Amino acid sequence: MTSTFRPTSDFLSTLIERGFLHQCSDMAGVDALAKAGKLVSYIGFDCTAPSLHVGSLVQIMMMRWMQATGAGKPIALMGGGTTRVGDPSGKDESRKMLTIEQIDANKDGIGRIFSKFLTFGTGPTDALMTDNAEWLTKLNYIDFLRDVGRHFSVNRMMAMDSVKMRLERDQELSFIEFNYMCLQAYDYVELNRSYGCNLQMGGSDQWGNIVTGMDLGRRMGTPQLYALTSPLLTTSSGAKMGKTAAGAVWLEADMLPVYDYWQYWRNSEDADVGRFLRLFTDLPMSEIAKLEALAGSEINEAKKILANEATALVHGRAGAEQAAETARKTFEEGVLADTLPTITLPAAELDAGVGVLAAFVRVGLVASTGEARRQIKSGGLRVNDATLSDERATLTAANLQEGVVKLSLGKKKHVLLKPE
């Protein structure tokens with residue numbers, strides 16, 4: 001699609017050049033609106049957790065570039081209403097139902113993230129944040145069925161990947177989840193009516209839902225609507241973005257320390273550095289080209305820049321610089337840095353002795369004792385910089401150095417265990 005089309009807008013040119021574009025319903029139409037600064041685009045974020053993780057960064061960066069290129073107004077839609085239903089896309093089982101209080105608390109946490117990436121206000125390219133609970137919770141069911149539901153074909157709904165995959169795997173799909181695509185489609189119509197929204201963006205797994213919203217808009221008399229999706233990302237080794245053995249890579253410092261966030265990017269695979277620099281930083285393409293051309297040990301310098309720039313966007317430049325300095329002291333000077341992630345445990349517990357397998361699981365360096373055993377066999381675990389060879393060893397107060405025990409996985413991941 002992108003090989004023959006040559007965009008004239010900075011927005012589409014940037015998306016293509018940096019690797020954000022997967023599908024677009026009408027490249028020429030979106031390009032013309034972007035060039036005129038008349039795009040009004042939304043991305044929806046359901047409130048299923050207290051924060052977002054790096055798996056959502058592609059969509060957030062698309063909104064950031066939309067604003068930076070002057071293409072129009074980005075809308076961050078909080079799913080305070082749809083979260084009460086649950087999106088079945090890519091899921092083998094129903095999501096856990098959350099209380100209204102949990103959803104509202106999650107919405108507040110997610111909302112704070114966007115102020116780091118977007119400028120909000122009343123100007124033509126200033127971002128807007130709204131919540132679909134504002135209109136979905138006010139719908140009358142009978143009226144909704146009559147006015148909106150009549151436009152949906154059950155045959156087409158059954159053919160949607162989010163439905164078909166669940167049924168093919170003999171996994172139950174609840175009636176409430178089956179209705180999710182109707183509500184998401186209606187969001188698009190409502191946003192068009194209220195704000196002139198003409199583009200919905202999202203991950204490629206949302207293509208069917210977005211196109212359904214376009215079709216509903218056509219049937220309900222809206223102006224032309226458009227769809228644009230980004231590719232679903234994995235690392236070069238096939239791992240899903242945003243997940244590690246220790247858990248999700250959250251964008252909130254109280255859910256994941258800034259140092260750990262910095263290390264996530266610093267530990268990127270060599271083959272991913274250029275791609276991640278294009279997607280997750282604001283660096284100009286000319287500089288990225290120079291960095292991804294580095295080879296051998298020099299690629300580590302590019303990884304540090306990736307970590308610095310990606311961390312600065314989420315946690316500020318000062319937070320990124322502090323994380324980089326912590327890493328420098330730890331790895332280049334070999335000293336114990338006070339700013340390393342620290343896990344506390346009762347002093348009495350350490351006095352009695354803590355098994356090393358349990359200790360490494362407890363601090364989150366490995367996901368299970370089985371993984372800890374495998375790491376020990378390959379020489380991957382260290383205590384106070386000494387390679388661990390005995391899986392039956394215990395940690396006691398005798399292992400304390402400067403009041404802590406330093407646990408390490410490989411050469412780059414470290415946690416301090418501190419008695420209290």
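In this text, all values refer to a predicted model and were calculated from it rather than measured experimentally.
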- Message: List the residues meeting side chain to side chain contact (heavy atoms under 4.5 Å, CB included) with T8, not counting sequence neighbours, and say none if there are none.
- Response: D31, K35

- Sequence neighbours excluded, the answer for salt bridge (charged side-chain N to carboxylate O under 4.0 Å, His left out) partners of R84 is none

- Are the side chains of V356 and L407 in touch, meaning some heavy atoms are under 4.5 Å apart? no

- Query: Taking all atoms of both residues into account, what is the closest heavy-atom pair of L395 and A359, and its distance?
  - Reply: CD1-CB, 3.7 Å

- Shortest non-hydrogen contact between T83 and L98, atoms and distance: CG2-CD1, 4.3 Å

- So, does H414 use its side chain to make a donor-acceptor pair with the main chain of K411 at under 3.5 Å? yes

- Message: To the nearest 0.5 Å, what is the distance between CH2 on W207 and OG on S230?
- Response: 11.5 Å

- Between V54 and Y264, is any pair of side-chain heavy atoms under 4.5 Å apart? yes

- Just by modelled atom types, is the L52 backbone N or O under 3.5 Å from a matching donor or acceptor in the S56 side chain? no

- Hey, is the main chain of E134 close enough, under 3.5 Å, to the side chain of D131 for a donor-acceptor pair? no

- Stepwise, does the side chain to side chain donor-acceptor pair (under 3.5 Å) test hold for D272 with S236? CA-CA 6 Å; D272 289 329; S236 294; 2.5 Å; yes

Can you list, pair by pair, the side-chain donor-acceptor contacts under 3.5 Å of residues 62-73, counting residues two or more places apart and other chains?
residue: R64; atom: NE; partner: D282; partner atom: OD1; Å: 3.2
residue: R64; atom: NE; partner: D282; partner atom: OD2; Å: 3.1
residue: R64; atom: NH1; partner: F117; partner atom: O; Å: 2.9
residue: R64; atom: NH2; partner: D282; partner atom: OD2; Å: 2.6
residue: Q67; atom: OE1; partner: T119; partner atom: N; Å: 2.9
residue: Q67; atom: NE2; partner: T119; partner atom: O; Å: 2.8
residue: Q67; atom: NE2; partner: T125; partner atom: O; Å: 2.8
residue: T69; atom: OG1; partner: W65; partner atom: O; Å: 2.7
residue: T69; atom: OG1; partner: M66; partner atom: O; Å: 3.3
residue: K73; atom: NZ; partner: G123; partner atom: O; Å: 3.0
residue: K73; atom: NZ; partner: D126; partner atom: O; Å: 2.7

- Task: Take N192 and T222 through the side chain to side chain donor-acceptor pair (under 3.5 Å) test and state the conclusion after the steps.
- Result: CA-CA 7 Å; N192 176 267; T222 68; 4.6 Å; no

- Message: We want to know whether Y188 and D215 form a side-chain donor-acceptor pair, criterion being a heavy-atom distance below 3.5 angstrom.
- Response: no

- Looking at CG of L118 and CD1 of I113, how far apart are the two atoms once the value is rounded to the nearest 0.5 Å? 11.5 Å

- Task: Please confirm whether the backbone N or O of D143 pairs with a side-chain atom of N140, one donor and one acceptor, at under 3.5 Å?
- Result: yes

- Item | Any side-chain heavy-atom pair of L228 and L12 under 4.5 Å | yes

- Query: Taking all atoms of both residues into account, what is the closest heavy-atom pair of T342 and K418, and its distance?
  - Reply: CG2-CB, 3.8 Å

- Message: Just verifying a value: how many Å separate T229 OG1 and Q23 CD, rounded to the nearest 0.5 Å?
- Response: 4.5 Å

- N198 side chain vs K38 backbone, donor-acceptor pair below 3.5 Å: yes

- Query: Which pairs count as side chain to side chain donor-acceptor pair (under 3.5 Å) when at least one residue sits in residues 357-370, sequence neighbours excluded?
  - Reply: E349-R362

- Item | N-O pairing of D108 and R112 below 4.0 Å | no

- Message: Quick check for you: to the nearest 0.5 Å, what is the distance between L39 atom CG and L33 atom CG?
- Response: 5.0 Å

- Taking all heavy atoms of P341 and all of Y259, pick out the closest pair and write down the distance. CD-CD2, 3.3 Å

- Item | Verdict with reasoning, Q59 to M201, per side-chain contact (heavy atoms from CB on, under 4.5 Å) | CA-CA 8 Å; Q59 279 71 53; M201 301 190 294; over 6 Å; no

- Query: Between atom OG1 of T234 and atom CE of M241, what is the distance when rounded to the nearest 0.5 Å?
  - Reply: 9.0 Å

- Got a salt bridge between E301 and K304, using NZ or NE/NH1/NH2 to carboxylate O under 4.0 Å? yes

- Task: In plain terms, say whether E325 and R328 are close enough for a salt bridge, that is, a side-chain N and a carboxylate O under 4.0 Å apart.
- Result: yes

- Message: Using a 3.5 Å distance criterion without hydrogens, assess whether the side chain of S9 forms a donor-acceptor pair with backbone atoms of A34.
- Response: no

- Message: I want to check something: taking the side chain as every heavy atom from C-beta on, are N384 and V405 in contact at a cut-off of under 4.5 Å?
- Response: yes

- Item | Check ion pair R278-E292 (N to O, under 4.0 angstrom) | yes

- Side chains of L216 and V148 in contact at under 4.5 Å (non-hydrogen atoms): yes

- Message: Using a strict threshold of under 4.0 Å (side-chain N to carboxylate O), is an ion pair present between K413 and D260?
- Response: no

- Query: Under 3.5 Å, side chain of T281 to main-chain N/O of L283, donor-acceptor pair present?
  - Reply: yes

- Query: Charged N to carboxylate O below 4.0 Å: is that the case for R317 and E309?
  - Reply: yes

- Task: Hey, could you give me each pair passing ring pair (Phe, Tyr, Trp, His ring centres under 6.0 Å) that has a residue in residues 268-307? Not counting sequence neighbours.
- Result: W265-F276, W265-F280, F276-F280

- Are there more than 12 heavy atoms of other residues, nucleotides or ligands under 6.0 Å from atom NZ of K116? yes

- Do the side chains of L183 and F144 get nearer than 4.5 Å, heavy atoms only? yes

- Query: Taking only residues two or more places apart in sequence or in another chain, which ones pass side-chain hydrogen bond (donor to acceptor under 3.5 Å, both in side chains) with T137?
  - Reply: none

- Item | Check: S25 and V211 side chains under 4.5 Å, non-hydrogen atoms | no

- Query: Does N267 use its side chain to pair, donor to acceptor, with the backbone of Q263 at less than 3.5 Å?
  - Reply: yes

- Note, D147 side chain near Y186 side chain (heavy atom, < 4.5 Å): no

- Message: Could you go through T387 and I376, starting from their C-alpha distance and side-chain angles, then the distance that decides it, and tell me whether this counts as side-chain contact (heavy atoms from CB on, under 4.5 Å)?
- Response: CA-CA 8 Å; T387 301; I376 289 173; over 6 Å; no

- Task: Rounded to the nearest 0.5 Å, what's the gap from CG on L136 to CD on Q184? Could you check?
- Result: 10.5 Å

- Message: What verdict does the side chain to side chain donor-acceptor pair (under 3.5 Å) test give for S194 and E190, after you've listed the backbone C-alpha separation in whole Å, the side-chain angles of each residue and the deciding distance to 0.1 Å?
- Response: CA-CA 6 Å; S194 299; E190 182 67 31; 3.3 Å; yes

- Query: Would Q200 and Y42 count as a side chain to side chain donor-acceptor pair (under 3.5 Å) if you check the C-alpha gap in whole Å, the side-chain angles of each, and the deciding distance to 0.1 Å?
  - Reply: CA-CA 5 Å; Q200 183 181 357; Y42 93 94; 3.1 Å; yes

- Can you name the closest pair of heavy atoms from S408 and F360 and give their distance? O-CE2, 3.5 Å

- Task: State, to 0.1 Å, how close W262 and A327 come at their nearest heavy-atom pair, and which atoms those are.
- Result: CZ3-CB, 3.5 Å

- Task: Output yes when a side-chain donor or acceptor of R18 lies under 3.5 Å from a complementary backbone atom of T14, and no otherwise.
- Result: no

- Item | Short side-chain to backbone donor-acceptor contact, E371 and A367, under 3.5 Å | yes

- Message: Would M27 and I16 count as a side-chain contact (heavy atoms from CB on, under 4.5 Å) here? Give the steps.
- Response: CA-CA 11 Å; M27 293 277 281; I16 293 171; 3.9 Å; yes

